[in-house]
Every structure is written in C-alpha cells, then in structure tokens.
Amino acid sequence: MLSLYNSLTRREEPPFDPDQNNVRLFVCGPTVYDYLHIGNARTYIFFDFFAKLLRARGYDVNYLQNITDIDDKIIKRAGEEHIEPSKLAERFTEAYFEDMKALGVTAVSEYANATDFIAQIVAQVTRLIDRGFAYKIDGDGWYFDIAKDESYGKLSGRTVAQAEDGVSRIDEAVNKRNKGDFCLWKFSVEGEPSWPSTIGAGRPGWHIEDTAISEFYFGPQYEIHGGGVDLKFPHHEAEIAQQESASGLVPFVRTWMHVGALTVDGKKMSKSVGNFVTIRDFLAEHPAIVLRWIVLSHHYRSPLDYSERAVAQAVSEIENLYNLSLQAREEKKNDPQNSIRGDALPWKEKFDAALDDDLNTPKAISIIFEMLKDKQLTAHSKFALMDSFDELLGMNIVQILGQTDAISEKDLKKFEEYKAHRANKQFIQSDALRKELEGLGYVIKDSAEGSTITKKFL
Ligand code: AMP
C-alpha cells in the first residue's frame with residue numbers, strides 16, 4: 001500500500017483512505033512573468049509522474065493547477081516592456097504550456113487562471129472578514145490576522161512571532177497587527193490592474209487565489225496538495241490559515257507533499273539568484289528524457305544538485321538501460337518460451353514496494369537494472385517488465401526501441417555489406433561503411449556474437 005511522507009504530520013502514512021478511488025491533487029502552478037527554469041520543471045515532472053502512477057494503479061485523479069497571472073512580478077515586468085500585464089501573462093502562460101508539452105508533462109486535468117476567479121477570491125476574503133480573521137488597513141488592503149488563528153504555523157513549525165521572514169513585497173505594510181500578517185486583497189493603485197468589488201477595488205494577495213480556486217473545484221477539504229519546498233512557508237502555511245479559518249473545517253488538506261530544491265553548487269536554482277537554466281535552453285541541448293531521468297533518479301524530497309556532470313551521468317545511465325533493453329528484445333526474438341512466466345512477479349512486487357515507500361524512484365530504477373541483468377529471468381518476462389516499468393516512470397525507452405526497427409532497406413543493405421567486409425577482413429571498406437552509417441545516425445556494435453545496428457538514442 002502506498003505510503004507518503006506528509007509534511008504536515010512529519011511522518012510517512014497512507015495519503016488517503018484504502019477504499020477511496022477518487023483523489024484530488026492540487027499543485028501550485030507558476031507565476032507567469034518569464035520562462036520557467038529546470039528547477040520549476042523538477043516539481044512539475046515529479047507530480048506528473050506521481051499523478052500518472054496513481055492513475056495507472058486505478059485511481060481517478062483530479063489534478064488541478066492554478067496559474068498566477070496577476071502578481072507584483074508580472075506588473076513590474078509588463079511595465080518594463082510597456083505592455084499590459086494581462087498580455088505578458090498570456091505570453092508566458094503559452095510558453096509554460098509549450099514547455100510542459102515538450103517535457104511530456106501532460107497529467108494536469110485542469111488549469112485555472114487566478115484572474116478568472118476574482119469573484120470566488122472576493123467571496124472567500126469576505127468570509128474571512130465576517131468571521132473576524134481579516135482586518136482592513138486604510139489605503140492599503142485587507143490583511144489576515146495570524147494571531148486570530150490558534151493553529152497558525154503547524155505546517156512549517158513557526159510561531160506567530162517567527163512568521164515575519166517570509167513576508168513578500170505585497171505583504172509589506174507598516175500598520176499590520178503582526179509582522180507575519182499577509183495581504184488578502186490589495187486596494188487599487190494608479191496604473192496597476194484592479195477589479196471592482198464589495199470589499200473595495202483591488203487585486204488578490206499572493207495566497208488567496210489557491211484556496212479560492214481549490215475550494216471552487218474540490219470543496220473546503222481534499223486529499224493532496226503539492227509544491228516545491230520553498231512554498232511550505234509562508235505560502236502553504238497561509239493557505240491552511242485561510243481555508244481552515246474560512247470554513248471552520250480541519251484539516252484543509254490531508255497530505256502535504258514537498259519536492260526538494262534543484263540546486264546549483266548547493267544554491268537553490270532561482271530567477272533572482274540568476275543561476276538558472278531555462279527549460280527551453282535545456283531542451284535545445286538535450287532530449288526531455290534526460291531531465292526526467294535526472295529528476296526521477298533522485299528521491300523527490302532530497303535536494304538535487306544540477307551540473308554538467310549530472311547530465312553526463314544521466315545520459316550514460318539511460319544508454320545503459322537502453323542497451324540492456326535492446327539486448328532483452330533481441331533475446332526475446334530467439335526465445336521459444338513466448339509467454340510471461342511467474343518469474344516476473346517477484347520483480348514486479350519489488351518495484352512496486354519501492355514506489356510504495358514514499359515514491360522511492362531511485363530504488364525503483366536500480367531494481368530495473370538488477371532485473372535486466374538477472375540471468376535466471378526469461379527474455380519475455382524481462383521485456384514485459386521493462387515495458388511496464390518504463391511506462392510507469394514515463395521514460396518511453398521501449399517506445400524508442402520500437403522506432404529503431406525503422407532502419408531503411410537501403411541502410412540495412414549497407415550494414416550487410418559492412419558485415420561481409422569485416423568477415424573477409426577488408427577493414428578499410430568496413431571502416432568506411434561504419435563511418436557512413438554512423439553519420440546517418442546509427443550505432444554499430446561488434447562482439448563475438450556478431451555485429452548489431454541500432455538507431456542512435458541520445
Ligand atoms: P514559482 O513560479 O516561483 O511559484 O515556482 C513554480 C513551482 O516551482 C513551485 O512549486 C516552486 O516551489 C517550484 N520551484 C521553484 N524553484 C525551484 C527549484 N529550484 N527546485 C525545485 N522546485 C522549484
């Protein structure tokens with residue numbers, strides 16, 4: 001049975017009831033003011049894998065993501081470019097969708113733009129005002145009073161007094177009751193986007209869009225909320241405070257999942273530090289599978305240090321796996337035993353157990369290698385296992401193997417000539433043909449058993 005580390009209870013536990021089939025999953029989407037970097041991609045690739053794994057296991061997963069399309073950063077960047085903030089947000093929302101598609105991140109069921117939920121946001125702030133959790137600062141906005149919420153700080157383990165270090169620009173105000181109070185609704189400022197409302201013309205604070213959107217789709221309580229670990233405080237703490245105070249229902253979310261940071265030389269990859277590689281720049285150099293491999297070959301909660309060496313290691317591991325799969329496929333062709341036998345089951349159980357244990361993907365990957373090297377396992381079982389594990393991890397290596405069948409007649413003929421020259425020890429001719437085939441994107445391997453030709457993988 002699946003057990004996940006819950007950041008709220010700080011232990012591993014089942015993320016939902018055993019008889020439950022519907023899973024509601026919310027993951028914080030991006031603020032669309034620029035192209036995303038591969039640190040952001042780590043979080044989205046991981047949750048893509050997670051949602052698809054649950055679906056493969058028969059769960060009906062409703063995976064919701066908000067898009068922050070109104071925010072200080074968007075307003076600032078739009079001002080620099082002399083365009084409307086909404087136009088800038090539209091441009092980078094499109095870019096985000098393109099990047100996710102290119103990465104094979106396709107599991108999200110619904111995307112929701114913050115600006116499409118202004119009515120729900122205003123309604124939630126109004127409930128917080130009516131229930132005594134929010135107060136007004138004239139000429140500024142509506143703020144959440146964290147001292148009114150007795151359980152504030154339960155996710156991050158901070159007290160009201162310690163809550164000040166996560167204050168972002170929109171939350172800065174001199175007249176706040178507590179330093180950690182955060183803005184729910186910012187009154188309109190000349191030249192900035194604003195929406196008319198019963199609580200005054202203005203725009204949403206940073207945290208309120210997520211709870212207004214999730215309440216609209218999921219109701220006041222749901223199973224799983226995820227994001228990068230940087231969002232645990234103040235963002236997720238604020239979400240809990242808002243939703244539990246607005247509804248009076250606890251817990252808002254049963255399981256909180258946090259993905260560790262992608263770092264460079266130990267520092268979190270971020271726009272503000274400038275140590276980032278955009279998804280686009282990464283994909284211009286490497287196939288998407290390389291990033292997926294880097295992400296899944298590390299445990300999702302650990303920090304992951306990105307470097308050229310990490311890329312080279314991923315490429316070499318993928319190639320190893322590809323070659324072992326290729327070997328299994330070839331063995332399968334010559335194996336008269338053409339059905340999967342009971343010998344596959346223990347491997348399947350081992351693989352599933354690794355994932356059940358807080359999604360231990362690095363262990364699951366090492367099990368695939370062990371399985372492919374198991375001399376007792378029949379080729380059919382090996383290949384079938386590889387096919388299913390590969391699909392669960394979303395690597396598509398087996399699919400790529402399928403494509404290697406598509407070697408043209410003409411090139412196959414050249415390969416036959418190559419083999420004939422080698423057999424006759426005509427190495428000048430065989431070397432020339434090898435070079436020509438390699439130039440056409442093939443890999444030729446010679447061994448005691450003979451020569452093989454495959455399409456180059458990476
Ligand atoms: P943002 O647009 O900054 O809200 O980021 C979008 C998502 O990417 C959030 O879930 C962040 O937690 C996550 N994220 C940002 N930087 C990193 C990083 N260096 N490593 C992993 N996840 C990150």
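Nothing fancy with the numbering, it's 1 onward along the sequence. Atoms within each ligand, like the ligands themselves, are counted from 1 in listed order.
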- Task: Select the closest option to atom 9 (C) of ligand 1 among Thr68, Ile67, Leu231, judged by heavy-atom distance.
- Result: Leu231
- Would you check if there is a donor-acceptor pair between the side chains of Asp72 and Trp206 at a distance under 3.5 Å? no
- Item | Side-chain donor-acceptor contact under 3.5 Å, Glu90 with Ser86 | no
Looking only at protein heavy atoms, identify the closest one to [atom] and say how far it is in Å.
atom                    : value
atom 3 (O) of ligand 1  : Asn40 ND2, 4.4 Å
atom 2 (O) of ligand 1  : Thr31 N, 3.1 Å
atom 19 (N) of ligand 1 : Met269 O, 2.9 Å

Do [X] and ligand 1 have an N or O pair less than 3.5 Å apart?
X      : answer
Tyr44  : no
Gly228 : yes
Leu262 : yes

- Task: Answer with yes or no whether Ser270 contacts ligand 1, where contact means a heavy atom under 4.0 Å from a ligand atom.
- Result: no
- Proximity flag Gly260 to ligand 1, non-hydrogen atoms under 4.0 Å: yes
Centroid-centroid under 6.0 Å between [X] and [Y] rings:
X      : Y      : result
Tyr96  : Tyr44  : yes
Phe47  : Tyr63  : no
Tyr222 : Tyr217 : no

- Query: At what distance, to the nearest 0.5 angstrom, does CZ of Phe233 lie from OG of Ser156?
  - Reply: 5.0 Å
Atoms in ligand 1 flagged as close to [X], the criterion being non-hydrogen separation under 4.0 Å:
X      : value
Ala261 : 20 (N), 21 (C)
Thr43  : 10 (O), 13 (C), 21 (C), 22 (N), 23 (C)
His37  : 16 (N)
Gly39  : 17 (C), 18 (C), 19 (N), 20 (N), 21 (C), 22 (N), 23 (C)

- Query: Using a heavy-atom cut-off of under 4.0 Å, does the side chain or the backbone of Asp230 touch ligand 1, or both, or neither?
  - Reply: side chain
- Task: Answer yes or no: is there a donor N or O on one side and an acceptor on the other, between the side chain of Ser188 and the main chain of Gly202, under 3.5 Å?
- Result: no
- Query: Quick one: do Asp145 and Lys176 make a salt bridge, cutoff under 4.0 Å?
  - Reply: no
- Item | Test: Glu244 and Lys154 ion pair at under 4.0 Å | yes
